[in-house]
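Values below: all heavy atoms of this structure, side chains included; hydrogens, waters and symmetry mates excluded. Not measured: the values here are computed from a predicted model. Convention: sequence-line order gives letters A, B, ...; per-chain numbering from 1.
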2 protein chains.
Amino acid sequence: MTASSRPDHRRLRRSAGDRRAQLVQIGLELLPTTPVQELTIDEVARRAGISRSLLFHYFATKREYYTAVTRAAADLLMTHILPEPETPSGEQVTGMLDRYVGWVETFRESHLAFVRGAGGGDPWVSDVYEETRGRLVDVALTALELPDDALRRQLVLAWFAFTEDLVAQWVLEPAMSRPELLELLRDVLDRLVTR
Amino acid sequence: MTASSRPDHRRLRRSAGDRRAQLVQIGLELLPTTPVQELTIDEVARRAGISRSLLFHYFATKREYYTAVTRAAADLLMTHILPEPETPSGEQVTGMLDRYVGWVETFRESHLAFVRGAGGGDPWVSDVYEETRGRLVDVALTALELPDDALRRQLVLAWFAFTEDLVAQWVLEPAMSRPELLELLRDVLDRLVTR
DNA sequence: CCGGCTTGCTGAGCAACGCTCAACACGCTA
DNA sequence: TAGCGTGTTGAGCGTTGCTCAGCAAGCCGG
């Protein structure tokens, strides 16, 4: 460093936990504009005001980093959607559906980005996504008070795909009313699951 | 090049069309093992026995290349699925469904790879995918002899998502018989579309 | 056989990115 | 104030996408 000017000292030392959280947070903020796997270490480090090297101190590989970001996004969704334990089980699914649609309405782009990135390409990211879907099936099946056999799991999972796709289209171009959408989804699920 | 040995002359000159086709073909062969976007120019060029530079002569960017590969994959699927024009329109959808399941059974990995890569990340690839889905909706709706309004389009598209997901699961773990699967899918579609 | 043209094709090299490593410096405690 | 743990950095390497100037294979008119 040059003699006469002391270097940039706005960079504070943070605790390990804080830094990790900050980095993941930055990843979440970039999600809507960039597919997870295309986040560049450079960009994230720049936004955090740190060097590339430091990011690699917290996340051994780039993949480890964006997997963490993906998991964080999934957790946000899950905690928002999960049923309140007091609700009678018959209405839990309806509530979850309602909250899911609300979530997509609120975070349009970032949610669509999440879903796209999740299905696509990288197996590590897909794993996080599949894991989340699996957890949701568990919740749904117990809320519906139905046994958890292979066939029903597949049907509910496929219904998720249906729901995701339809809701994604619906927020972009609402071809029916919100209650109609919810009723339709609920109806399809019921028919599928009570065969 | 050294004086005493004449260089490798097994490399033939090909016509522009041939080379393009060959490169796309190599991409298709690599699809099952590698997400489209992760194809490396190096690898493809090596397999084709040409220099990286030549690949960039035919495809200005990497993206342009793997978009072409994706489009080729989509076209293969389309031509295999499309109904034979002689079939009465009532049975066309059934036939398409049957051929679709057959396709997934035959090309398990490459098809799953295609679908994953399609949903994921890169907008250019997604566009090809969406375009294909759109064409399929057109075919399906005319085969069903139904009007083509916004709502129905959305429902059929979402049903595609349902179908894709369910069939993908089914080939990996058949939780019902093949005819049952086909009937279920057909049934869900009918109910959705005749509301 | 030869000069010249078209065009398929290559090698060297740059910039961006993921990743490594040795060392620095902040801020706490003795 | 010396010492220490640890948050942090800069320099640098290998790979990969991409560029560019120019080579060479095959075909033409002479």
In terms of side-chain heavy atoms, does Asp165(B) have a donor or acceptor partner in Gln169(B) at a distance below 3.5 Å? yes
Side-chain H-bond candidate by donor/acceptor type, Glu145(A) with Ser89(A), under 3.5 Å: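 A donor-acceptor contact under 3.5 Å links the two side chains.
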Mind checking [X] for me? I need base, sugar-phosphate or nothing, with any heavy atom below 4.0 Å counting as a touch.
{"X": "Ile41(A)", "answer": "sugar-phosphate"}
{"X": "Arg14(B)", "answer": "sugar-phosphate"}
{"X": "Leu39(B)", "answer": "sugar-phosphate"}
{"X": "Tyr58(B)", "answer": "sugar-phosphate"}

Without decimals, in angstroms, what is the distance between [X] [atom1] and [N] [atom2]?
{"X": "His57(A)", "N": "dT6(D)", "atom1": "NE2", "atom2": "P", "answer": "10 Å"}
{"X": "Phe56(A)", "N": "dA23(C)", "atom1": "CZ", "atom2": "P", "answer": "21 Å"}
{"X": "Tyr66(A)", "N": "dC19(C)", "atom1": "OH", "atom2": "P", "answer": "9 Å"}
{"X": "Ile50(A)", "N": "dC26(C)", "atom1": "CD1", "atom2": "C1'", "answer": "16 Å"}
{"X": "Glu43(B)", "N": "dT16(D)", "atom1": "CD", "atom2": "P", "answer": "9 Å"}
{"X": "Leu54(A)", "N": "dC21(C)", "atom1": "CG", "atom2": "C1'", "answer": "15 Å"}
{"X": "Arg52(B)", "N": "dG8(C)", "atom1": "CZ", "atom2": "P", "answer": "21 Å"}
{"X": "Arg20(A)", "N": "dT6(D)", "atom1": "CZ", "atom2": "P", "answer": "17 Å"}

If every non-hydrogen atom of Gly27(B) is compared with every non-hydrogen atom of Leu39(B), which pair is closest and at what distance?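 For Gly27(B) and Leu39(B), the tightest heavy-atom pair comes out as CA-CD1, 4.3 Å.
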Name of the residue among Arg20(A), Arg19(A), Gln25(A) meeting side-chain hydrogen bond (donor to acceptor under 3.5 Å, both in side chains) with Gln22(A):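 Option passing the side-chain hydrogen bond (donor to acceptor under 3.5 Å, both in side chains) with Gln22(A): Arg19(A).
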Let's see if you can work this out: which of [options] has an atom nearest to the side-chain heavy atoms of [X]?
{"X": "Arg13(B)", "options": "dC9(C), dT8(D), dC18(D)", "answer": "dC9(C)"}
{"X": "Asp42(B)", "options": "dC18(D), dG12(D), dT16(D)", "answer": "dT16(D)"}
{"X": "Ser51(A)", "options": "dT10(C), dC18(D), dT9(D)", "answer": "dT9(D)"}

5' precedence on DNA chain C between Ser15(B) and Ser53(A) (nearest-nucleotide basis): Ser15(B)
For Asp127(A) and Arg71(A), what are the C-alpha separation, side-chain angles and deciding distance, and is it a salt bridge (charged side-chain N to carboxylate O under 4.0 Å, His left out)? CA-CA 10 Å; Asp127(A) 281 355; Arg71(A) 176 156 278 127; over 6 Å; no
When you measure from the side-chain N and O atoms of Tyr65(A) to the phosphate of dG18(C), is any distance below 4.0 Å, counting only OP1 and OP2? no
Any side-chain N or O of Arg19(B) under 4.0 Å from OP1/OP2 of dC9(C)? yes
